[in-house]
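For reference, the structure discussed in these notes is given below.
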Number of protein chains: 2
Amino acid sequence: MARTETAAGSKSQQSYEAVKARIVDGTYSPGYRLVLAKIAEDLGVSVVPVREAIRRLEAEGLVTFERNVGATVAGIDPTEYLYTMQTLSIVEGAATALSSPLMGPSDIARARSVNNEMRACLEHFDPVRFTRLNQDFHSVLFENCPNPHILDLVHRGWNRLASLRSSTFRFVPGRARESVEEHDDLLRLIESGADADTIERAARLHRSATLDAYLAQSGARPSEETP
Amino acid sequence: MARTETAAGSKSQQSYEAVKARIVDGTYSPGYRLVLAKIAEDLGVSVVPVREAIRRLEAEGLVTFERNVGATVAGIDPTEYLYTMQTLSIVEGAATALSSPLMGPSDIARARSVNNEMRACLEHFDPVRFTRLNQDFHSVLFENCPNPHILDLVHRGWNRLASLRSSTFRFVPGRARESVEEHDDLLRLIESGADADTIERAARLHRSATLDAYLAQSGARPSEETP
DNA sequence: GAGTACGAAATCGTATACGAACCCTAGGGG
DNA sequence: CCCCTAGGGTTCGTATACGATTTCGTACTC
């Protein structure tokens with residue numbers, strides 16, 4: 001008897017994944033009000049597992065929850081954005097540094113290939129694809145990180161950014177070109193067996209530069225659009 | 001009207017804090033089986049809020065949870081310990097570096113005073129007090145960190161270590177003396193307005209040294225080495 | 001005596017129900 | 001005209017109940 005339900009896991013788990021997916025892929029954008037009863041009905045479960053799922057998402061920072069008021073998809077307060085990027089730069093830098101000694105030639109080749117695709121995207125101006133490839137590139141860099149805690153923190157940061165992407169993943173052409181060059185620099189560093197500190201610093205600076213570019217472009221004004 | 005009930009919070013919040021406190025203070029030691037119904041009865045609430053509390057603690061790494069089996073206080077697998085310490089060294093290093101420019105003379109004085117108390121503890125051999133003072137010292141160093149995400153990660157790491165303390169917070173006299181000296185070094189660095197990178201590295205190395213001392217003493221052989 | 005099959009007890013997972021807190025609108029008084 | 005208050009509706013928070021799953025003890029077979 002193929003009980004796929006067992007593999008899929010509990011309804012709480014299903015709910016968690018379903019809501020998370022909707023947040024990350026943008027179905028529920030920041031500010032969206034998450035009503036327990038409504039989600040429960042949509043998913044065909046009761047409110048108890050949904051509530052649990054929402055609280056887990058809250059712990060990951062994807063959702064804000066207020067007692068007796070309810071949950072909303074976490075927003076894009078510029079300060080919060082700064083904090084998220086700063087945290088990500090730290091944990092991703094560490095993850096990349098820890099991962100780099102474990103990267104084989106095939107990993108480096110794959111990263112380089114992705115980066116070349118990104119360069120191509122610059123020619124045809126394909127920001128959507130560029131963004132996805134950028135994530136792929138960084139994934140290759142840090143996925144070998146042997147410390148699962150750090151890896152988890154990196155993934156949370158990326159999910160958080162993805163949930164905000166409509167407003168914050170704006171394509172900054174000048175920065176994109178720089179970014180691709182820095183990727184090559186990073187790969188060369190790793191290939192040459194640079195020490196962990198150097199790689200960590202380079203990876204961190206790479207992200208900080210992206211943050212700076214974003215701040216410079218958006219000015220003090222964060223893009224909060226609610227059509 | 002004073003609305004203090006928000007802080008006291010829901011029963012879910014109460015349960016969370018109660019169970020967390022028992023884990024951190026050692027009432028529930030690693031491996032302890034957390035039976036929902038029993039905890040619910042102890043706290044005078046029903047199982048629903050307790051379940052939610054347990055899942056939150058799971059997200060923080062204090063509890064392991066297995067579907068249809070139950071929850072236990074997270075254990076002390078040496079590999080896991082290495083990961084936790086490594087992660088803590090990274091986030092605490094960053095927190096200290098971000099915090100240091102915001103530390104005033106009074107903060108430094110307080111840290112120094114705590115460190116002197118620690119030195120005194122070395123004379124009378126008071127490991128329990130030494131451990132608590134050590135936490136106080138580091139708290140002063142990173143509590144000014146303006147990034148709440150990083151601060152939260154640091155607190156989680158400390159809680160996790162506290163929950164394991166019976167086995168892992170072993171007092172290593174030689175290391176303790178070194179530790180106190182390093183604390184003074186750190187304070188001097190901060191006082192002299194050293195740049196963030198320097199402070200971060202020093203703070204991180206300080207923790208790494210503690211980890212190394214623990215590994216050397218316990219003879220645990222983790223699956224990988226940190227350079 | 002060892003291994004297996006079965007059954008009872010314990011515990012988890014979720015649905016349902018109901019009370020409590022909050023928000024929003026309407027109406028009266030200053 | 002504005003502020004304050006009252007009421008209803010919506011949504012959350014938790015208790016209770018019951019089905020589902022695992023675990024463990026016991027008896028039976030080889």
Side-chain angles (χ1 to χ4, degrees), chain A residues 1-20 22-23 28-75 226, chain B residues 1-20 22-23 28-60 62-75:
Chain A
M1 225 53 168
R3 269 283 179 231
T4 53
E5 181 186 273
T6 310
S10 62
K11 298 193 176 178
S12 150
Q13 182 67 19
Q14 277 176 248
S15 311
Y16 168 77
E17 286 167 7
V19 176
K20 180 173 180 173
R22 282 169 171 70
I23 293 176
Y28 298 156
S29 20
Y32 186 91
R33 178 76 186 280
L34 297 165
V35 179
L36 297 184
K38 188 168 182 311
I39 295 175
E41 192 182 2
D42 285 353
L43 300 178
V45 301
S46 89
V47 296
V48 177
V50 172
R51 180 184 167 83
E52 186 174 306
I54 298 289
R55 295 305 289 259
R56 280 176 67 185
L57 292 167
E58 184 200 11
E60 294 182 23
L62 289 175
V63 162
T64 58
F65 200 93
E66 199 178 348
R67 174 168 161 73
N68 280 322
V69 173
T72 57
V73 177
T226 311
Chain B
M1 268 82 85
R3 294 222 170 258
T4 54
E5 92 284 349
T6 309
S10 57
K11 298 192 176 178
S12 150
Q13 182 68 17
Q14 277 176 248
S15 310
Y16 167 77
E17 286 167 9
V19 176
K20 181 172 180 175
R22 281 169 172 70
I23 293 175
Y28 298 156
S29 16
Y32 186 92
R33 178 78 186 280
L34 297 166
V35 179
L36 296 185
K38 187 167 184 311
I39 295 175
E41 192 183 2
D42 284 353
L43 300 178
V45 300
S46 91
V47 295
V48 177
V50 171
R51 181 183 166 84
E52 186 174 306
I54 298 288
R55 294 305 288 260
R56 282 176 66 185
L57 292 167
E58 184 200 12
E60 294 181 23
L62 289 176
V63 161
T64 58
F65 200 92
E66 200 178 347
R67 175 169 162 74
N68 279 322
V69 173
T72 57
V73 177

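Letters A, B, ... mirror the listed sequences (proteins, then strands); counts begin at 1.
Across D:dG13, C:dT16, D:dA15, the shortest atom-to-atom separation from the side chain of B:Val45 is found for D:dA15. When the nucleotides C:dA15, D:dA15, D:dG13 are ranked by their closest atom to the side chain of A:Phe65, D:dG13 comes out on top. The side chain of B:Ser12 has D:dT14 as its nearest neighbour among C:dC23, C:dT14, D:dT14. When distances run from any side-chain atom of B:Lys11 to the nucleotides C:dG13, C:dA15, D:dA15, the shortest one goes to D:dA15.
Taking atom CD of residue B:Gln14 and atom P of nucleotide D:dG13, one finds them 14 Å apart after rounding to whole Å. With rounding to whole Å, B:Glu66 atom CD is found 15 Å from C:dG13 atom C1'.
Nearest heavy atoms, A:Gly75 versus A:Pro30: CA-CB, 3.9 Å. Closest of all the heavy-atom pairs between A:Val50 and A:Ala40 is CG2-CA, 3.7 Å. Closest approach of A:Ser15 to A:Val45, counting heavy atoms only: OG-CG2, 4.0 Å. When every heavy atom of B:Arg56 is checked against every heavy atom of B:Ser12, the shortest pair comes out as NH1-OG, 4.5 Å.
Using a 4.0 Å cut-off on heavy atoms, the residues of residues 50-63 of chain A that approach DNA chain D are A:Arg51, listed by number. Residues from residues 32-39 of chain B lying near DNA chain C, meaning a heavy-atom separation below 4.0 Å, are B:Arg33, B:Leu34, B:Val35, B:Leu36 in numerical order.
Legend: residues meeting side chain to side chain donor-acceptor pair (under 3.5 Å) with A:Thr64, ordered by chain and number and at least two apart, are A:Thr72.
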Full working for side chain to side chain contact (heavy atoms under 4.5 Å, CB included) between B:Glu60 and B:Lys20:
CA-CA 10 Å; B:Glu60 294 181 23; B:Lys20 181 172 180 175; 3.6 Å; yes
Kindly determine whether B:Ile39 and B:Ile54 satisfy side chain to side chain contact (heavy atoms under 4.5 Å, CB included), including the steps that lead there.
CA-CA 10 Å; B:Ile39 295 175; B:Ile54 298 288; 4.3 Å; yes
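Taking 4.0 Å as the cut-off between side-chain N and carboxylate O, A:Glu58 and A:Arg55 count as a salt-bridged pair.
Comparing B:Val69 and A:Asn68, the nucleotide of DNA chain C nearest to each residue sits closer to the 5' end for B:Val69.
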